[in-house]
There are 2 protein chains.
Amino acid sequence: MFVKHGLNSGYSSLASSAVLRRQQFLIRSLGVYSVSDITHLKKRMEAVKCSSGGASFEADAECVLRAITPSLDPKRHKGQAGKIAVIGGCREYTGAPYFAAISALKIGADLSHVFCTQGAATVIKSYSPELIVHPILEESYSIIDVDDEGRRQISKKILSEFDKWMERFDCLVIGPGLGRDPFLLECVSKIMTHARESNVPMVVDGDGLFLVTNSIELVSGYRLAVLTPNVNEYKRLVQKVLGGDVDDQNTHGELLSLSKQIGGVTILRKGKSDLISDGEIVQSVSIYGSPRRCGGQGDILSGSVAVFLSWARQHISATKRESTISQTNPTVLGCIAGSALLRKAAALAFKHKKRSTLTTDIIEHLGQSLEAICPAS
Amino acid sequence: MFVKHGLNSGYSSLASSAVLRRQQFLIRSLGVYSVSDITHLKKRMEAVKCSSGGASFEADAECVLRAITPSLDPKRHKGQAGKIAVIGGCREYTGAPYFAAISALKIGADLSHVFCTQGAATVIKSYSPELIVHPILEESYSIIDVDDEGRRQISKKILSEFDKWMERFDCLVIGPGLGRDPFLLECVSKIMTHARESNVPMVVDGDGLFLVTNSIELVSGYRLAVLTPNVNEYKRLVQKVLGGDVDDQNTHGELLSLSKQIGGVTILRKGKSDLISDGEIVQSVSIYGSPRRCGGQGDILSGSVAVFLSWARQHISATKRESTISQTNPTVLGCIAGSALLRKAAALAFKHKKRSTLTTDIIEHLGQSLEAICPAS
């Protein structure tokens, strides 16, 4: 079903050869080194090849973006370019779900919903009239006097309110600003189980990853799930699933094993280069973004991956797997496209705002960045 | 009272003749066809003529816009350019009533009110200090412990609060972000009945159409009502009123029948071309807008139609039906103008923002689009 070869650009392969040649020259010229030193250097070469993000794993992200981004046909009606829902937003966090949901719209989705707590909803609504915000989630502090039976009823009502909407969505984003309240996470677990039963794809980030790391069965074996861990989230995932520490000498192999171990869930490991694997292939996206590390960029990524994943599924369904790209896992395509677009938008925003670049500035450059690759008309 | 001829542009008539001539040539040249084939082709001709959206039904929208948009006379005082009220905004939706209300102001109305629930009011107020927002509506969940008598009192109070304002309004917009709560819809039904008794025009959209489709008597025979259904809302209306499925071969005829059947209510059927009928004439607006289908554009339309409908009534009253345009139903004129302006603003916004065009961007281009047709000075 999935191709094992990458979507390599000729340029990346050339760059890789140049790096390898330089490393080989270094080894040859260091005649005084012992055999074990040389073995060590060879290992380093492999590591450089992998972690450089260039080499043969680099995805041709622009090609993917051009293939899966739908043309803007006047015959299409509202909803056909994507309906996304973000599950997140609690007493502490309101920015993260907003960033994810508004990014989806700025890329070109038609409708973007947020499911959050009552308090978060008022604030998220006020950020933008473009979002549809459902204040349905509850945290323990707001039901402190409710007994077990009452809590069961509240949980059931939350699930039934979500179920009314669920099948309309092309993709869910679980986790931006979700928080770690046990009652809320229990409800979100049930939402995830229902979504999975209905084959609704999901991108899991932030506190959603905290939930999933502790209850891996929520996504295990679900091919329409994408996890987008950062360094620390990835470390916890590796410890929990593979039972050891992160192996920086075997970045690609480890990611491949991790994904396989969770039954083919797609993992986008965020870093200097983003690495993506579905247990079958490994791809990297190394386009230069921005040195600014302001909070919220991960939320742009999760919202973007959700849109591109939906578009990739539409593309594959329309082209009936006739092209190389349409033979690739849509979750992998979604990750490549989302990662590349965020990087391009971040670079543009940084060019204008330098040190004061914020997440909002990057979001404002999503449209222009996509337009440069796939002109709308 | 209403003229049966359209407001045809010479260009459209010419285009229509060319289409007809080509079709007639085709029939003549197909000598091997049987009589039934020719009948079928003739039917197709009619269908092409109707569904092409151009032909002799195309309204000269710019001419309508120029005729009904009032000049900006320094002698006029606050309120004379229009006072609009939007009834909508509930726990889930706050963007839709905001879009409708702010669009009315951006076109040139003097005052724009919103009547919504308490929770929605706080958010809608935060979107813009330009709106007057009345937190008077209630949803079932907020009166869960109230008995029947208590509910009657609440309903009476809501109606009396609305009545204090009603006669000041030139037009109501019923439905953007109204939701489907039974208690709230019951109150809105009473508001509509009062407004009708006072001859206040109303534009019904979104959940207002859900209400009206299930209680057609609310608008039946009310010549100052406009319904603005999208594809799905139109389908439900046809099923309910005409008792069958939508007939794509008889678009204009069906719309005419539907409008007649509801007693001359004006219907604006949204689509690739917008079709407008009051049961006497059918007009279309086919100006190219934008291929972007982001949610909220229908709300701009309902707010715009409300303003133009009010201006058309002013124009007709001032010109004493002396011109062709002033002999036309003001609800039809309002629909033509609203549809055309939204399309022009959407086209401008798309030119700048491409795929990332959102409803807010379109609203920002309403003024410029109207200015291009009717310069303010």
Side-chain angles (χ1 to χ4, degrees), chain A residues 69-83 102-115 118-119 121-136 157 161 164-165 307 311 341 345 363-377, chain B residues 53 89-103 118-128 131 141 176-177 179-180 230-232 270-273 286 288-299 343 346-347 350-363:
Chain A
T69 301
S71 63
L72 282 164
D73 186 338
K75 284 184 211 142
R76 289 163 72 98
H77 58 76
K78 187 171 79 178
Q80 285 188 300
K83 301 180 290 297
I102 200 78
S103 297
L105 288 179
K106 292 277 184 178
I107 288 170
D110 285 343
L111 292 164
S112 196
H113 293 241
V114 176
F115 291 82
Q118 173 69 52
T122 312
V123 179
I124 298 170
K125 281 167 190 279
S126 77
Y127 291 148
S128 167
E130 315 278 356
L131 305 176
I132 300 164
V133 185
H134 307 258
I136 65 164
K157 198 176 157 225
E161 290 203 41
K164 284 192 290 191
W165 291 92
V307 178
W311 288 354
L341 192 71
I363 290 171
E364 279 313 302
H365 286 90
L366 287 171
Q368 189 186 343
S369 304
L370 187 54
E371 186 63 18
I373 301 165
C374 326
S377 58
Chain B
C90 62
R91 188 166 71 149
E92 275 169 334
Y93 304 112
T94 50
Y98 163 73
F99 289 143
I102 200 78
S103 296
Q118 173 70 51
T122 312
V123 177
I124 297 170
K125 284 167 189 277
S126 79
Y127 291 148
S128 168
L131 306 175
Y141 80 90
R180 295 189 177 183
N230 62 19
V231 178
N232 290 324
K270 295 181 275 198
K272 199 181 159 206
S273 292
S286 315
Y288 188 73
S290 147
R292 203 54 183 104
R293 293 287 172 268
C294 52
Q297 295 184 55
D299 307 310
R343 284 163 179 261
F350 185 75
K351 198 174 149 193
H352 288 93
K353 297 284 190 119
K354 302 288 177 181
R355 282 179 206 277
S356 57
T357 308
L358 297 187
T359 297
T360 309
D361 302 313
I362 302 174
I363 290 171

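In what follows, every chain begins at residue 1, and chains take the letters A, B, ... in the order their sequences are listed.
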Under 4.5 Å from any heavy atom of chain B, what part of A:Ile102 do you find: side chain, backbone, both or neither? side chain
Spacing of OG1 belonging to B:Thr122 relative to NZ belonging to A:Lys125, to within rounding of 0.5 Å: 11.0 Å
Can you name the residues that form a side-chain hydrogen bond (donor to acceptor under 3.5 Å, both in side chains) with A:His113, not counting sequence neighbours? A:His134
Distance check, rounded to the nearest 0.5 Å: B:Leu358 atom CG versus A:Ser112 atom OG? 9.5 Å
Flag side-chain contact, heavy atom, 4.5 Å: A:Pro135 against B:Arg91: yes
Given that the side chain runs from C-beta out, which part of B:Tyr98 has a heavy atom under 4.5 Å from chain A: side chain, backbone, both or neither? side chain
I need the B:Ser356 OG to A:Glu364 CD distance, nearest 0.5 Å. 7.5 Å
For B:Arg355, which of A:Leu105, A:Ile107, A:Leu370 qualifies under side chain to side chain contact (heavy atoms under 4.5 Å, CB included)? A:Leu370
Measuring from atom NZ of A:Lys106 to atom OG1 of B:Thr357, what distance do you get when rounded to the nearest 0.5 angstrom? 9.0 Å
Please name the pair of heavy atoms, one in B:Arg292 and one in A:Gly108, separated by the smallest distance, quoted to 0.1 Å. NH1-O, 3.0 Å
Stepwise side-chain contact (heavy atoms from CB on, under 4.5 Å) test for A:Leu72 and B:Phe350: CA-CA 11 Å; A:Leu72 282 164; B:Phe350 185 75; 3.6 Å; yes
Residue among A:Pro375, A:Ser126, A:Gly82, A:Ala121 with most heavy-atom pairs under 4.5 Å to chain B: A:Ser126
Using 4.0 Å as the upper bound for N to carboxylate O, is an ion pair formed by B:Glu92 and A:Lys164? no
Chain B contact via A:Glu371 - which portion, at a heavy-atom distance below 4.5 Å: side chain
